[in-house]
Asker: 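I'd like to ask you about the structure that follows.
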Amino acid sequence: MDPIVARNRTDLIEARRDGTLALVPTMGALHEGHRSLIRLARERADQVVVSIFVNPLQFGPGEDFARYPRTFDADLEACREEGVDVVFAPSADDMYPPGRQVSVSAGEMGRIVEGASRPGHFDGMLTVVLKLFNLVRPDLAVFGQKDAQQLALIRRMAADLDVPVEIVGAPTVREPDGLALSSRNRYLSAGERRVALTLSRALLAAADEPGAAQVRATAAKVLAEAPPELEVDYLVLVDPATFTEVPDSYEGEAVLAVAARVGATRLIDNVVVRLGR
Ligand code: PAF
């Protein structure tokens with residue numbers, strides 16, 4: 001069955017049925033990674049709402065807001081194939097009526113790692129996610145582990161602001177050669193894509209190392225051998241909940257996260273590593 005397309009908050013209220021509801025927030029340009037989030041949502045709830053909204057608040061000056069892929073017809077078809085009940089695709093005016101003053105602050109955790117490279121990004125992201133939660137009123141919401149700091153901050157927001165939504169994380173989906181799926185991959189030329197593969201190679205090579213120091217060293221070595229077209233922004237090994245660097249003596253789960261620019265495209269990736277076995 002075709003999903004109901006809700007273009008504004010009134011349509012959305014009309015489309016809501018009784019039963020458990022799962023929200024999958026997206027910016028569109030849906031790929032297999034998004035489909036895996038939708039399938040997880042489907043398993044967990046009676047009704048699935050996918051939001052499609054390229055949120056201007058989370059893009060900084062000089063970032064790719066204007067050229068971010070907008071592929072609504074293909075997205076709708078993907079949602080139909082995945083059995084989505086409602087696609088919520090509001091306009092920017094509907095999401096942000098004039099006179100807006102109040103927004104969410106991601107705090108110190110929003111200013112480190114990815115937040116240090118993209119000032120204001122996480123404040124804008126949390127603001128739209130909280131608005132989506134308030135509009136859709138889901139029981140649960142599904143986010144990809146690919147954006148690990150985003151996921152950690154959404155969990156933090158839900159805990160700190162008593163948001164009554166269960167936050168579900170879903171594993172990163174990769175191409176057979178290891179490249180993490182991302183809407184931004186479509187910016188890459190064939191040559192750039194080959195260079196971009198260094199990111200997943202570095203992470204996957206380091207993932208089985210037993211200690212924090214070895215994990216950092218192995219990943220850094222692979223990145224150092226990359227072609228010069230790969231400009232690494234950061235490589236960090238952090239606590240999954242706080243995104244602060246873990247010490248070399250750390251035992252338990254950590255996130256090895258990397259960001260790099262390949263040509264005009266900025267990519268991020270991460271793996272969860274288990275240290276001190
Ligand atoms: O991950 C994304 O696509 C976006 O950051 C999100 C969560 C939909 C908020 O705009």
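Only heavy atoms go into these numbers, but all of them, side chains included; no hydrogens, no water, no symmetry mates. Counting starts at 1 for both ligands and their atoms, following the listed order.
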Asker: Using a strict 4.0 Å cut-off to heavy atoms of Val128, name the atoms of ligand 1 that fall inside it.
Answerer: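 Every atom of ligand 1 under 4.0 Å from some heavy atom of Val128: 9 (C), 10 (O).
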Asker: Could you list which atoms of ligand 1 come closer than 4.0 Å to a heavy atom of Thr26?
Answerer: 8 (C)
Asker: Record the part of Met27 in heavy-atom contact with ligand 1 below 4.0 Å; permitted values are side chain, backbone, both and neither.
Answerer: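 Under 4.0 Å from ligand 1, Met27 contributes backbone and side-chain atoms.
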Asker: For Met125, take its heavy atoms, then give the atoms of ligand 1 lying under 4.0 Å from any of them.
Answerer: 5 (O)
Asker: Between the side chains of Asp177 and Arg193, is the shortest nitrogen-to-carboxylate-oxygen separation below 4.0 Å, so that they form an ion pair?
Answerer: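 Yes, Arg193 and Asp177 are salt-bridged.
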Asker: Can you pull out every salt bridge (charged side-chain N to carboxylate O under 4.0 Å, His left out) where at least one residue sits in residues 236-265? Sequence neighbours excluded, please.
Answerer: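 Only Arg216-Glu245, Arg216-Asp248, Glu253-Arg274 qualify under salt bridge (charged side-chain N to carboxylate O under 4.0 Å, His left out).
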Asker: Have a look at Leu21 and tell me which of Leu140, Asp46, Asp85, Val136 forms a side-chain contact (heavy atoms from CB on, under 4.5 Å) with it.
Answerer: Val136
Asker: Considering non-hydrogen atoms of the protein only, which is the closest contact for atom 9 (C) of ligand 1, and what is the distance?
Answerer: Gln58 OE1, 3.3 Å
Asker: With a 4.0 Å cut-off on N to O distance, would you call Arg9 and Asp94 a salt bridge?
Answerer: yes
Asker: Please could you name the atoms of ligand 1 that Pro25 approaches to less than 4.0 Å, counting only its heavy atoms?
Answerer: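 Every atom of ligand 1 under 4.0 Å from some heavy atom of Pro25: 8 (C).
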Asker: List the closest protein heavy-atom neighbour of atom 7 (C) of ligand 1: residue, atom name, distance to the nearest 0.1 Å.
Answerer: Gln150 NE2, 3.5 Å
Asker: If you measure from the Lys or Arg side-chain nitrogens to the Asp or Glu carboxylate oxygens, is any gap between Arg39 and Glu43 under 4.0 Å?
Answerer: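 Glu43 and Arg39: not salt-bridged.
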Asker: Below 3.5 Å, N or O to N or O, backbone or side chain included: is there any such pair between Asn55 and ligand 1?
Answerer: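 No: no nitrogen or oxygen of Asn55 is under 3.5 Å from one in ligand 1.
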Asker: Under the side chain to side chain donor-acceptor pair (under 3.5 Å) rule, collect the residues that match up with Arg44, sequence neighbours excluded.
Answerer: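 Here the qualifying residues are Glu166.
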